[in-house]
Amino acid sequence: MTKKTNKKSANAKQIEPADTSEFLAKISKILSASLDYKKTLTNAANALVPQMADWCSVSMLSEDDEIEQVTIAHVDPKKVAWAKKINKRMPADMSSPTGLPNVLRTGISELYSTITDEMLVASSKRKSELDLLRKLHLSSVMIVPLSVQNLVIGAISFVSTSNHRNYTEADLAIAEEIASRVALAIHNSYIFTESQKALTLRDEFISIASHELKTPITSLKMYGQIVHQQLSEQGIDKTILTTLSKMNGQIDRLTLLVNDMLNVSKIQLGKLEFNEDSFDLGKMVRDTVEVVQASAPKHRIMIEGKVSKRVWGDKDRISQVLINLLTNAIKYSPHEYKINISLTEKKNGLAEVKVQDYGIGIDSEQLGKIFNRFYRAVGPDEKTFPGLGIGLYISHEIIRRHGGTLEVASSKGAGSTFSFTIPFSKPKNRP
Amino acid sequence: MIKKNKILVIDDTEDILEALELVLTNGGFAVDLATKEERVYEMMAGHEPLPDLILLDVLLSGQDGRMIARKLKDNTKTKHIPIIMMSAHPDVEKTIHKSGADDYLAKPFEMTGLFSKIHKFI
């Protein structure tokens, strides 16, 4: 049995100094292949056998300072289960002055170039343990810590059961280099996992918050409308009614902001849903303009051209895009009150809607950024305009998902023209 | 005296119930309010008079309004009652049709939108 094991190890190729950088590069490639840290560690341990060890295990320290053996690789794959059994039968004692517990405590590597029978006797508490250790035919051992920012999170044990291989200081240096790369991979995986958890938490929170915010908005809107109705029945001064209408408009704006927050979170998760059908684009544009015009009495929104064919898409979402473009046109035209919408049937199976304003316009440097999340336009006084900076991002995504494009042409001080296209029929290759 | 049409509103938020009571009463309806589905069971058992229309919130505390709508539509005594579901959750609308509900209203809503939906049925 001993011979057989030794024979296998003797056949195994050990690392020569010239191969070191190539081997380390291979390990790094394996470590960067996945962000699932248990999978990564298993792949890495497998790659370390037989070049670096006949038997390699990675142990991690839990938050309760318990040692958890995450993975184990053996030169003979059949012996992996056996090696795991030994680990269970002889769990590491954290108070032990040497070995894995000591490395985890101190963060200092241990190198045992030669394992003698005296060492086995000294480290066994009972005869059954000694018998087991003797059966392992250990010849040389290295244990190196896995440290992240000076914090020991685990260790890698390299075990040679071959009489031909006795680890040296040079081997230990390579093992420590491997351990530092493994620790970095674990850290990256941890950061990724935590960021994913944080994103999920954020989206759950936004979903709950949007519902909770809309509940008071709903009753507020109803009470406002009741007051408006009752006062108008009493023939009250029109100024008060106008103020109440403005309040209602602000409540609608609040609702839009809450919806935008939810939408941006859904886009991030790829969960934005569409309820598609064919619809009359011209009618949708007229209905949308009527709503927007009611809340912007100073501005005058004109519609030119027509699209006679029905278009394909989610009418409510496309209306949301148009509302966004119109409210932007109004917001960024504080002194120019004309806004033009033009509808055209293009020859490439698309209908086009253009929204043109004559407001502050957009600096050429800023043009490339305006569809980015959280981008907010800067006014002539270098102050940003109010808003979450997500409306155009959402609109761009909605149009893109419909198989169309949302584009802008603008120059500072000369207004802006936003144009979007949507298909007449359901696209075959949807993005 | 003309008998007023009665609307049962089921919503787990007291503020919404109060506001809707005011809006609907002003609109000339008799209004009945409930926060839980128990009222529906009493109606099905014949212990409660039936309303002419039900405004039903989709997500009630611990209860799914769509299930309640389904039960009402599966019951011979109540299946004829028009149900308008309401929700502050966007995207809930497309899950409504399976419940058998007759219409849907996204919160927050305009009073005109609410009344035009109601007048489609009563």
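Convention: sequence-line order gives letters A, B, ...; per-chain numbering from 1. No hydrogens, no waters, no symmetry mates; every other heavy atom, side chains included, goes into these values.
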Self-check item: Residue B:F121 excluded, over 12 heavy atoms near CZ under 6.0 Å
Solution: yes

Quiz item: So how far is it from B:K107 NZ to A:I217 CD1, rounded to the nearest 0.5 Å?
Solution: 12.0 Å

Exercise. Count the heavy atoms of every other residue, nucleotide or ligand shown that sit under 6.0 Å from NZ of A:K354, and state whether that count exceeds 12.
Key: no

Quiz item: Just wondering, more than 12 heavy atoms not from B:K120 lying within 6.0 Å of its NZ?
Solution: yes

Quiz item: Is the number of heavy atoms from other residues, nucleotides or ligands within 6.0 Å of CZ (A:R300) greater than 12?
Solution: no

Quiz item: Within a strict 4.5 Å, meaning less than it, do heavy atoms of the A:S207 and B:H89 side chains meet?
Solution: yes

Quiz item: With a cut-off of 6.0 Å (strictly less than), are more than 12 heavy atoms of other residues, nucleotides or ligands near NZ of A:K338?
Solution: no

Quiz item: Rounded to the nearest 0.5 Å, what separation is found between the CD atom of A:E233 and the CG atom of B:N26?
Solution: 7.5 Å

Quiz item: Taking everything shown except B:K117 itself, do over 12 heavy atoms lie less than 6.0 Å from its NZ?
Solution: yes

Quiz prompt | Separation between CD of B:E14 and OG of A:S219, rounded to the nearest 0.5 Å | solution = 11.5 Å

Quiz prompt | Pairs of heavy atoms under 4.5 Å with chain B: top-ranked of A:Q230, A:Q229, A:K221 | solution = A:K221

Quiz prompt | Exceeds 12 heavy-atom contacts within 6.0 angstrom, atom CE of A:M284 | solution = yes

Practice problem: Measure across A:Q225 and B:F109 and return the closest heavy-atom pair with its distance rounded to 0.1 Å. | Solution: NE2-O, 3.4 Å

Quiz item: With only heavy atoms counted, which part of A:N263 is less than 4.5 Å from chain B, the side chain, the backbone, both or neither?
Solution: neither

Practice problem: Quick one: do B:E110 and A:D252 satisfy side chain to side chain contact (heavy atoms under 4.5 Å, CB included)? Show the steps, please. | Solution: CA-CA 10 Å; B:E110 295 287 337; A:D252 289 344; 3.6 Å; yes

Quiz item: Taking atom CG of B:L24 and atom CE of A:M222, what is their separation to the nearest 0.5 Å?
Solution: 8.5 Å

Self-check item: chain B contact via A:E212 - side chain, backbone, both or neither, heavy atoms under 4.5 Å
Solution: neither

Exercise. Against chain B, work out which of A:L262, A:L213, A:N259, A:T215 has the most heavy-atom pairs shorter than 4.5 Å and name it.
Key: A:T215

Quiz prompt | B:L20, part contacting chain A, at a heavy-atom distance under 4.5 Å | solution = both

Quiz prompt | Structural part of B:D15 lying under 4.5 Å from a heavy atom of chain A | solution = both

